[in-house]
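Report on the structure given below.
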Protein chains: 2
Amino acid sequence: MAVVLPPHRHEACYRHEALGVVFQVRDGRLNVLLWRRAASPFEGAWALPGGPLGPGERLGASASRHLATKVDLKEIAHLEQLETRSDPVRDPRGRVLATAYLALVTTGARPHVPADTAWHPVDDLPPTAFDHGSITGSARERLRAKLSYTNIGFALAPETFTIAQLRDIYAAALGHPVSATNLQRILTRRGVIEPTEEVARPAAAGGRPATLYRFAARTLVVTNPFAAFRPRIPSPGTGSEGRQPLNA
Amino acid sequence: MAVVLPPHRHEACYRHEALGVVFQVRDGRLNVLLWRRAASPFEGAWALPGGPLGPGERLGASASRHLATKVDLKEIAHLEQLETRSDPVRDPRGRVLATAYLALVTTGARPHVPADTAWHPVDDLPPTAFDHGSITGSARERLRAKLSYTNIGFALAPETFTIAQLRDIYAAALGHPVSATNLQRILTRRGVIEPTEEVARPAAAGGRPATLYRFAARTLVVTNPFAAFRPRIPSPGTGSEGRQPLNA
DNA sequence: GAAGGTTTTCGACTTATAGTCGATAACTAT
DNA sequence: ATAGTTATCGACTATAAGTCGAAAACCTTC
């Protein structure tokens with residue numbers, strides 16, 4: 001890999017792994033994909049999918065590659081870098097840096113997973129290996145924050161959905177009750193979701209059929225930008241031009 | 001899968017460096033600390049301070065250690081991890097992963113910097129080395145976002161300050177005009193800043209002396225949490241208990 | 001097909017937060 | 001004193017968000 005490395009210079013190098021925190025809302029709860037370690041260290045504990053970075057490989061590609069062994073890659077609707085852990089003793093076998101990625105799978109997708117792998121509700125985790133429990137916590141915080149100022153819900157919700165379904169998904173991911181009325185109004189106003197022509201079949205018990213919505217975009221967009229302290233832009237054609245009174 | 005790491009297995013390892021994006025507001029503009037490369041590659045271009053990760057060293061400590069050679073460490077009021085770049089060709093000399101850190105220096109501090117090192121306004125950068133220009137851009141976005149939902153301003157502002165000074169600092173870091181009235185009200189309500197007993201001496205031209213403010217905390221606190229879609233908590237003692245109508 | 005049950009949707013209201021603007025306060029210099 | 005300058009504050013407006021209940025649109029049962 002090293003091309004013109006100065007031969008006299010001895011620079012340390014480090015093993016590096018990519019980890020994926022794969023979230024999916026199942027049965028109204030936020031779940032994370034973990035596999036059970038069969039051997040020491042942390043035998044029997046549950047770990048995040050991941051593995052070593054390959055030569056010439058980027059971290060994002062590495063995360064995808066290792067995830068592909070545990071879950072169908074096509075089902076991963078969003079992937080983003082979280083953080084890099086560098087504690088020298090995070091792995092008792094030796095030093096390994098780890099870069100964690102947040103990966104989201106839409107509700108309803110039922111990707112096939114290997115026998116040693118299973119979904120676990122994030123607020124009821126089994127014993128975890130290494131620092132993977134703490135990494136899962138960071139991932140959850142990131143997801144929570146982004147749900148409120150981006151359209152990241154597209155990666156958790158199915159292609160089309162009713163507002164009630166979306167409310168349940170948001171409630172599971174956010175960890176607190178969500179008002180359907182509010183959710184509909186806010187996301188519609190922001191242009192995050194839009195109604196389709198179709199309606200959902202009413203439940204067995206009957207009830208008014210719900211309109212099906214979809215996400216307007218299926219790539220990440222920041223929809224609620226941090227605009228604090230910014231003066232409003234006056235509507236064009238009004239007032240004198242070139243005024244900048246707030247900075248004077 | 002791999003149990004007790006088979007000793008015959010040759011796992012690749014990678015050089016890794018920590019980089020610091022040091023920001024300071026100077027003369028009403030957001031500046032970043034860069035040093036001028038004297039040798040190839042990118043001879044004459046400007047680079048972020050940083051250097052290789054040491055054995056047994058954590059990334060944050062490594063960033064601090066390398067920053068110490070370019071700026072007085074005591075002046076760094078806040079340090080946080082940004083992201084890890086892994087493009088195999090980001091360094092033409094060979095593969096080096098880089099983890100970037102955001103570092104903030106308070107206005108007014110005048111740390112001594114080496115001869116090859118200088119401050120540059122972020123919106124008027126000279127030619128930069130490697131991917132350091134892009135990393136600086138990411139850092140700036142992070143700073144902008146955090147200014148609006150955390151108390152991170154404490155790491156940009158001096159110990160005490162007038163609202164007008166704080167407005168200039170925010171305006172420089174955010175890149176848009178800021179209303180002093182609004183800034184005062186919002187940050188006070190959130191409990192981010194608080195008035196001291198003292199007042200500033202009026203400027204040469206006179207004018208009413210301004211109250212000096214300080215930040216209530218000098219460590220990072222999220223003050224404007226993302227609470228979208230969350231129902232309000234009813235004031236205690238009101239209504240029947242145990243109701244959860246929004247999730248029903 | 002009328003009645004009653006269920007779920008969705010919508011409008012009207014209230015509250016909280018943020019931006020605007022001008023009046024007043026408190027200083028300096030002449 | 002008077003004029004000039006800057007800071008502070010209150011009152012107003014605008015926007016966003018949370019609450020609540022009525023009406024809509026389906027189901028099943030009688």
Side-chain angles (χ1 to χ4, degrees), chain A residues 148-149 161-168 170 174 176-193 195-196 198-213 223-235 238-240 243-248, chain B residues 148-149 161-168 170-171 174 176-193 195-196 198-213 223-235 238-239 243-248:
Chain A
S148 70
Y149 69 91
F161 47 83
T162 69
I163 295 298
Q165 290 175 300
L166 191 64
R167 187 226 329 161
D168 292 341
Y170 270 67
L174 291 171
H176 63 70
V178 167
S179 144
T181 296
N182 243 335
L183 189 69
Q184 194 274 6
R185 257 219 334 271
I186 295 173
L187 294 187
T188 302
R189 168 156 42 159
R190 290 185 189 164
V192 171
I193 61 175
T196 68
E198 295 161 89
V199 296
R201 284 253 314 287
R208 174 172 172 172
T211 43
L212 287 171
Y213 283 75
T223 58
N224 190 23
F226 312 107
F229 325 119
R230 163 182 278 134
R232 295 213 178 90
I233 43 172
S235 31
T238 314
S240 53
R243 278 184 70 212
Q244 289 188 307
L246 290 162
N247 233 359
Chain B
S148 70
Y149 69 90
F161 46 85
T162 68
I163 295 298
Q165 289 174 300
L166 190 65
R167 186 230 312 142
D168 292 342
Y170 270 67
L174 291 170
H176 62 70
V178 167
S179 145
T181 296
N182 242 333
L183 190 68
Q184 194 275 359
R185 257 221 333 270
I186 294 173
L187 294 187
T188 302
R189 165 151 50 153
R190 289 186 189 164
V192 171
I193 61 174
T196 67
E198 296 161 89
V199 295
R201 284 255 314 288
R208 173 172 172 173
T211 322
L212 285 173
Y213 283 76
T223 58
N224 190 23
F226 312 107
F229 325 120
R230 162 181 278 137
R232 296 211 179 91
I233 42 173
S235 30
T238 314
R243 279 183 70 211
Q244 290 190 307
L246 289 162
N247 233 359

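Chain A is the first sequence line, chain B the second, and so forth, proteins listed ahead of strands; every chain is numbered from 1.
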Listed partners of S148(B) passing side-chain contact (heavy atoms from CB on, under 4.5 Å), at least two apart: F226(A), A228(A)
How far apart are the closest heavy atoms of [X] and [Y], and which atoms are they?
X: A200(B); Y: P209(B); answer: O-CB, 3.2 Å
X: P231(A); Y: P177(B); answer: CD-O, 3.0 Å
X: R167(B); Y: S179(B); answer: CG-C, 4.4 Å

I need the [atom1]-[atom2] distance between [X] and [N], as an integer number of Å.
X: R232(A); N: dG19(C); atom1: CZ; atom2: C1'; answer: 4 Å
X: I193(B); N: dA7(D); atom1: CD1; atom2: P; answer: 14 Å
X: Q165(A); N: dT7(C); atom1: CD; atom2: P; answer: 14 Å
X: Y170(A); N: dA17(D); atom1: OH; atom2: P; answer: 13 Å
X: L212(B); N: dC27(C); atom1: CG; atom2: P; answer: 14 Å
X: N182(B); N: dA14(D); atom1: CG; atom2: C1'; answer: 12 Å
X: L183(B); N: dA18(C); atom1: CG; atom2: C1'; answer: 12 Å
X: I186(A); N: dT19(D); atom1: CD1; atom2: C1'; answer: 12 Å

Candidates dC10(C), dA17(D), dT9(C) - which lies nearest the side chain of Q184(A): dC10(C)
From dA12(C), dA18(C), dA7(D), nucleotide with atom closest to A210(B) side chain: dA7(D)
Student check: side-chain heavy atoms of L166(B) and V178(B) closer than 4.5 Å: no
Under 4.0 angstrom between T211(A) side-chain N/O and dT9(C) OP1 or OP2: yes
Any R190(B) side-chain N or O less than 4.0 Å from OP1/OP2 of dA18(C): yes
Sole residue of T211(A), L212(A), T162(A) in side-chain contact (heavy atoms from CB on, under 4.5 Å) with V199(A): T211(A)
Whether Y213(A) and F161(A) hold their rings parallel, tilted or perpendicular, with breakpoints at 30° and 60°: parallel
Base of dG18(D) paired with side chain of R230(B) (donor-acceptor, under 3.5 Å): no
Quiz item: R185(B) side-chain donor-acceptor pair to dG10(D) base, under 3.5 Å: no
Position toward the 5' end of DNA chain C (nearest nucleotide), T181(B) or R189(B): R189(B)
Anything under 3.5 Å between a protein N or O and an N or O of nucleotides 26-30 of chain D, put it in a table, one pair a line.
residue: dC26(D); atom: O2; partner: G207(A); partner atom: N; Å: 2.8

